[in-house]
Each structure stands twice: as C-alpha cells, then as structure tokens.
Undergrad: 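Pasting a structure here, questions to come.
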Amino acid sequence: MPGKHKKDAPPLEPTDPHLAILRAVARVPAGCVASYQAVAEAAGLPGRARLVGSVLGRCPLSDDVPWHRIIGADGRIRDRRGGGATEQRRRLGLEGVEVDERGRIDLSVHAWRLRGR
DNA sequence: ATAATGACTTTCA
DNA sequence: TTGAAAGCCATTA
C-alpha cells in the first residue's frame with residue numbers, strides 16, 4: 001500500500017496527452033483531412049496544435065496512424081525538415097484526396113468534421 | 001530554472 | 001495571394 005508521503009508519479013496515465021492525440025488522429029476517416037488544431041481539439045486539448053505536430057514528428061512514419069491526413073489549418077500540407085511531404089501527398093492521392101501542385105487541399109470537400117451532433 | 005526548438009495559427013502589411 | 005512577426009505550448013537541452 002502506498003503510504004508514501006512524497007508524491008509518486010506514474011509514467012503513463014489514461015489521460016496522457018500523447019495518447020489522446022494519437023487516438024484522435026486514428027479516428028480521422030480515409031479520404032478526409034484534419035488540421036493540427038482540429039486534432040488537438042478532438043483530443044480534448046484545445047490550443048495544443050503544436051503539440052500534435054511534435055508527437056507526429058517523433059513517431060515513425062508508420063501505417064499505424066494516418067499521419068498523412070493531418071495538414072495545416074489553411075488546408076495545405078505543412079513543410080517540415082527531411083521531407084515526407086511528398087510521401088504524404090502520394091498517400092492522400094491514393095485515398096482519393098485531390099492535392100494541388102502547391103499542396104493545397106479543398107477543405108470544403110475533404111475537411112473532417114467532428115462527429116457529435 | 002531558463003533558453004531554444006518545433007509536422008502550428010493568426011494577424012498585419 | 002504571399003510573406004513576415006507575434007502568439008502559443010509542451011518538449012528538450
């Protein structure tokens with residue numbers, strides 16, 4: 001039994017922000033895109049758009065999570081170091097999302113909306 | 001504890 | 001529309 005007077009900090013919690021973000025990204029359906037901000041809100045972390053990017057950047061570009069469906073709030077693919085934007089564009093194309101030459105995506109068509117009515 | 005960094009957003013020119 | 005500057009926030013050094 002924990003009779004410690006000093007506080008103990010578990011390594012992971014059910015409300016772990018990282019986990020919540022990954023979960024939110026995972027529920028974005030194919031053929032749709034969501035902004036970092038939208039994902040943050042969906043994860044219950046309003047205003048942490050930057051954190052979403054950090055988490056996705058730290059994770060490997062695996063198929064475990066549809067990272068390619070996350071784009072900037074302006075509906076364009078965000079550029080980042082190392083590249084990967086090309087891969088993202090390719091994947092989106094395979095899913096039926098039309099991406100402009102400049103990386104622009106029609107949000108009025110593919111924007112993912114939070115379900116919950 | 002302070003400073004720098006990053007797959008962000010918004011505002012202004 | 002494009003680009004620069006500031007705002008914002010957790011992680012990392």
Side-chain angles (χ1 to χ4, degrees):
Chain A
M1 62 222 284
K4 319 172 176 167
H5 291 189
K6 318 211 163 182
K7 56 189 183 158
D8 49 317
L12 257 58
E13 285 186 25
T15 57
D16 185 36
H18 295 99
L19 198 56
I21 289 173
L22 293 175
R23 217 173 74 217
V25 172
R27 66 194 235 215
V28 177
C32 291
V33 294
S35 67
Y36 297 87
Q37 202 177 23
V39 170
E41 271 201 46
L45 303 166
R48 278 75 173 173
R50 234 167 168 166
L51 185 53
V52 174
S54 296
V55 171
L56 291 180
R58 224 168 174 305
C59 283
L61 275 50
S62 62
D63 303 332
D64 201 27
V65 58
W67 55 268
H68 55 276
R69 297 182 192 142
I70 310 307
I71 62 176
D74 56 355
R76 308 191 57 177
I77 294 178
R78 276 288 175 199
D79 231 342
R80 63 265 199 191
R81 328 175 28 215
T86 306
E87 177 66 15
Q88 181 170 14
R89 214 158 89 180
R90 190 180 68 75
R91 290 197 180 205
L92 286 174
L94 291 176
E95 289 191 358
V97 177
E98 310 206 3
V99 184
D100 195 313
E101 273 306 309
R102 280 189 7 240
R104 191 159 78 203
I105 297 168
D106 192 341
L107 289 180
S108 63
V109 175
H110 298 290
W112 175 61
R113 327 188 87 203
L114 239 48
R115 13 217 194 140
R117 31 206 103 189

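Note that the coordinates shown come from a computational prediction; the quantities given were computed from them, not determined experimentally. Chain naming here is simple, since letters A, B, ... match the order of the sequence lines and numbering starts at 1 in each.
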Undergrad: Who passes salt bridge (Lys or Arg N to Asp or Glu O under 4.0 Å) against Arg91(A), sequence neighbours left out?
TA: Asp63(A), Glu87(A)

Undergrad: Please state how far atom CD in Glu87(A) lies from atom P in dA7(B), giving the value in whole angstrom units.
TA: 17 Å

Undergrad: For nucleotides 9-13 of chain B, give me every protein contact, N/O to N/O, under 3.5 Å, one pair per line with atom names.
TA:
residue, atom, partner, partner atom, Å
dT9(B), OP1, Tyr36(A), N, 3.0
dT9(B), OP1, Gln37(A), N, 3.3
dT9(B), OP1, Ala73(A), N, 3.3
dT9(B), OP2, Ala73(A), N, 3.1
dT9(B), O3', Gln37(A), OE1, 3.3
dT10(B), OP1, Gln37(A), OE1, 3.3

Undergrad: List the residues meeting side chain to side chain contact (heavy atoms under 4.5 Å, CB included) with Gln37(A), not counting sequence neighbours, and say none if there are none.
TA: Ser35(A), Ala49(A)

Undergrad: Under 4.5 Å between side-chain heavy atoms, chaining through other members, with only Ile, Leu, Val, Met, Phe, Trp and Tyr counted: pull out the rest of the cluster around Ile77(A), sorted by chain and number.
TA: Val33(A), Ile71(A), Leu92(A), Val97(A), Val99(A), Ile105(A), Leu107(A)

Undergrad: Could I get the full list of side chain to side chain contact (heavy atoms under 4.5 Å, CB included) partners for Ala42(A), not counting sequence neighbours?
TA: Ala24(A), Arg27(A), Trp112(A), Leu114(A)

Undergrad: Pairs in or reaching into residues 36-62 of chain A: which pass salt bridge (charged side-chain N to carboxylate O under 4.0 Å, His left out), with residues at least two apart or in two chains?
TA: none

Undergrad: Taking all non-hydrogen atoms of both residues, which atom of Leu51(A) and which atom of Pro17(A) are closest, and how far apart?
TA: CD2-CB, 4.4 Å

Undergrad: Which pairs count as side-chain hydrogen bond (donor to acceptor under 3.5 Å, both in side chains) when at least one residue sits in residues 68-85 of chain A, sequence neighbours excluded?
TA: His68(A)-Glu95(A), Arg69(A)-Glu95(A), Arg80(A)-Gln88(A)

Undergrad: How does protein contact run along nucleotides 1-13 of chain C, one letter per nucleotide 5' to 3', with B for base contact, S for sugar-phosphate only, - for none, heavy atoms under 4.0 Å?
TA: SS----BBSSSS-

Undergrad: Which other residues belong to the hydrophobic cluster containing Val109(A), where Ile, Leu, Val, Met, Phe, Trp and Tyr are joined when side-chain heavy atoms lie under 4.5 Å apart, directly or via other members?
TA: none

